J.: 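Have a look at this one before I ask anything.
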Amino acid sequence: MKTIQKTAIALVASGLFATSAFAQTAPAAAPEVSPITANVTVTNNYVYRGLTQTDFKPAIQGGFDYAHESGFYIGNWNSSISWVSNQDYAIAKSSSIEMDVYAGVKKEIIGEGFASDLGVLQYYYPTSGTLATKTNPNTTELYVAQNFTLGSTTGFLKFSYAVTNIFGTANSNGSYYPDLTVNHDTGMYGISLNAHVGYQKIAGQTLAAGQPSPSYVDYKLGLTKDFGGGLSGSIAYVGTNLKKGSGATYGNTYAYISTSGGSTRSQGASTGLISLTKTF
């Protein structure tokens, strides 16, 4: 800003003609990049950490982010859901939306293209109905991540730690989720290859002999196509190593059961995803 002010003073001193000539020959200034971005997504199924949140049905999602030049950021993201309502044997409440609020600091401490990220994430489910003796699904996690750029390959290694009970599971504070995501730009037609693997550890569960653990591994393989203008589409195959449950609870943990269409199916069953995202 100071440079612009000094240039303006010099032009005035040299006369009106000089000012006019400068205006005609100088290149147009690049538009400022807004610190606020927004996004909207439609998808055939909202899957989070390998588990469907919508009983294998479509979802609409969206949010916004504010990023300051200092590295501080804050944002909100929302999605339609159904699991809180459908898992009524575990959570005696009803909610049709997930609202996430997060904030943190991201800085290139190691070097250019290697941003370190530290933040907090609050999952909030506006609910109706009675809580009874069940655990509230609202969850707070702290996270630390290391992003990396190696040529046309980018990604991040992240560790999330729950400081509250996690997603309605009693006595589960201290649960954690390490995960690795890698994206490779093929350089052809705006297509990128995507891969992800994570491990959800559910803490504090007392299991009977022979009872399966509620902890599990999830994975994802997919493609993303950049159409330009902030529009992108993606397809992916996702799954977990969870076994199909019987509807009984695992200790104090619900059994990852989906009841879509009156049938019983594991929330972590392998499935395909298709989504379209617009970023503003």
Side-chain angles (χ1 to χ4, degrees), residues 36-66 74-103 121-131 134-141 143 160 162 164-169 177 179 181 194 196 198 200 216 218 220 222 224 230-240 242 254-280:
I36 300 177
T37 58
N39 59 85
V40 176
T41 297
V42 289
T43 180
N44 69 318
N45 181 14
Y46 171 26
V47 174
Y48 184 67
R49 295 183 181 175
L51 305 181
T52 179
Q53 310 293 296
T54 52
D55 268 348
F56 301 95
K57 294 183 175 65
I60 184 167
Q61 305 167 335
F64 66 90
D65 297 275
Y66 169 81
I74 187 170
N76 164 254
W77 185 85
N78 314 276
S79 178
S80 56
I81 62 167
S82 61
W83 71 268
V84 172
S85 302
N86 292 346
Q87 300 288 349
D88 57 358
Y89 55 82
I91 303 171
K93 281 199 166 192
S94 176
S95 179
S96 60
I97 186 171
E98 172 187 328
M99 303 175 66
D100 301 343
V101 178
Y102 48 88
L121 170 58
Q122 175 67 50
Y123 304 86
Y124 175 63
Y125 303 90
T127 55
S128 60
T130 59
L131 183 59
K134 306 301 181 181
T135 303
N136 195 301
N138 296 340
T139 302
T140 305
E141 286 186 336
Y143 60 85
S160 302
T164 64
N165 288 320
I166 188 169
F167 306 127
T169 303
Y177 183 76
D179 68 301
T181 296
N194 319 122
H196 165 89
Q200 179 63 73
Y216 65 92
D218 73 284
K220 172 183 176 180
T224 299
L231 183 66
S232 64
S234 66
I235 58 174
Y237 178 79
V238 297
T240 70
L242 283 170
Y254 60 82
Y256 306 117
I257 298 300
S258 169
T259 57
S260 178
S263 62
T264 300
R265 183 180 181 185
S266 170
Q267 277 188 289
S270 300
T271 187
L273 296 180
I274 302 175
S275 64
L276 189 66
T277 299
K278 173 66 175 178
T279 302
F280 305 91

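Bear in mind the structure is a predicted one, so any value in this text is a computation, not a measurement.
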J.: Who are the side chain to side chain contact (heavy atoms under 4.5 Å, CB included) partners of Tyr216, not counting sequence neighbours?
T.: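 Only Arg49, Leu51, Gln200, Asp218, Thr240, Asn241, Leu242, Tyr256 meet the side chain to side chain contact (heavy atoms under 4.5 Å, CB included) criterion with Tyr216.
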J.: Do any N or O atoms from the side chain of Glu141 and from the backbone of Leu121 form a donor-acceptor pair under 3.5 angstrom?
T.: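 No; zero donor-acceptor contacts below 3.5 Å.
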J.: Under the side chain to side chain donor-acceptor pair (under 3.5 Å) test, which residues partner Asp65, sequence neighbours left out?
T.: Tyr102
J.: Return yes if some donor-acceptor pair links the side-chain N/O of Ser80 with the main-chain N/O of Ala59 below 3.5 Å, else return no.
T.: no
J.: Under the side chain to side chain contact (heavy atoms under 4.5 Å, CB included) test, which residues partner Tyr66, sequence neighbours left out?
T.: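 So Tyr66 forms a side chain to side chain contact (heavy atoms under 4.5 Å, CB included) with Pro35, Ile36, His68, Ile74.
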J.: Quick one: list whatever passes side chain to side chain contact (heavy atoms under 4.5 Å, CB included) with Thr164, sequence neighbours left out.
T.: Thr139, Thr140
J.: Taking the six-membered ring for Trp, are Tyr48 and Trp77 closer than 6.0 Å centroid to centroid?
T.: no
J.: Partners of Ser160 by side chain to side chain donor-acceptor pair (under 3.5 Å), sequence neighbours excluded?
T.: none
J.: State, with a plain yes or no, whether a side-chain heavy atom of Met99 is found less than 4.5 Å away from one of Tyr123.
T.: no
J.: Side chains of residues 273-280: which donor-acceptor partners sit under 3.5 Å, not counting sequence neighbours?
T.:
residue, atom, partner, partner atom, Å
Ser275, OG, Ser234, OG, 2.6
Thr277, OG1, Thr41, OG1, 2.8
Lys278, NZ, Gly229, O, 2.3

J.: Would you please name every residue forming a ring pair (Phe, Tyr, Trp, His ring centres under 6.0 Å) with Tyr143, sequence neighbours left out?
T.: none
J.: Once side chain to side chain donor-acceptor pair (under 3.5 Å) is applied, do any residues pair with Asn39, and if so which ones, sequence neighbours excluded?
T.: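 Not a single residue meets the side chain to side chain donor-acceptor pair (under 3.5 Å) criterion with Asn39.
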J.: Using side chain to side chain donor-acceptor pair (under 3.5 Å) as the criterion, list what pairs up with Asn138, not counting sequence neighbours.
T.: Asn136
J.: Taking the side chain as every heavy atom from C-beta outward, state whether Ile81 and Tyr125 have any pair of such atoms under 4.5 Å apart.
T.: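 Ile81 reaches Tyr125 side chain to side chain.
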J.: As an exercise, state the distance from OG of Ser82 to NZ of Lys57, rounded to the nearest 0.5 Å.
T.: 6.5 Å
J.: Counting only N and O atoms by type, is there a donor-acceptor contact under 3.5 Å from the side chain of Thr54 to the main-chain atoms of Pro58?
T.: no
J.: Does some side-chain heavy atom of Pro126 sit less than 4.5 Å from a side-chain heavy atom of Ile97?
T.: yes
J.: Any idea which heavy atoms bring Gly198 and Tyr177 closest together, and the distance?
T.: CA-OH, 3.6 Å
J.: Just to verify, what does Asn76 make a side chain to side chain contact (heavy atoms under 4.5 Å, CB included) with, not counting sequence neighbours?
T.: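 Per chain and number, Asn76 pairs via side chain to side chain contact (heavy atoms under 4.5 Å, CB included) with Phe64, Asn78, Val101.
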J.: Are Asn45 and Thr271 packed together at the side-chain level, in the sense that at least one heavy-atom pair is separated by less than 4.5 angstrom?
T.: yes
J.: Any side-chain heavy-atom pair from His196 and Asp179 closer than 4.5 angstrom?
T.: yes
J.: Hey, is the main chain of Tyr46 close enough, under 3.5 Å, to the side chain of Thr43 for a donor-acceptor pair?
T.: no
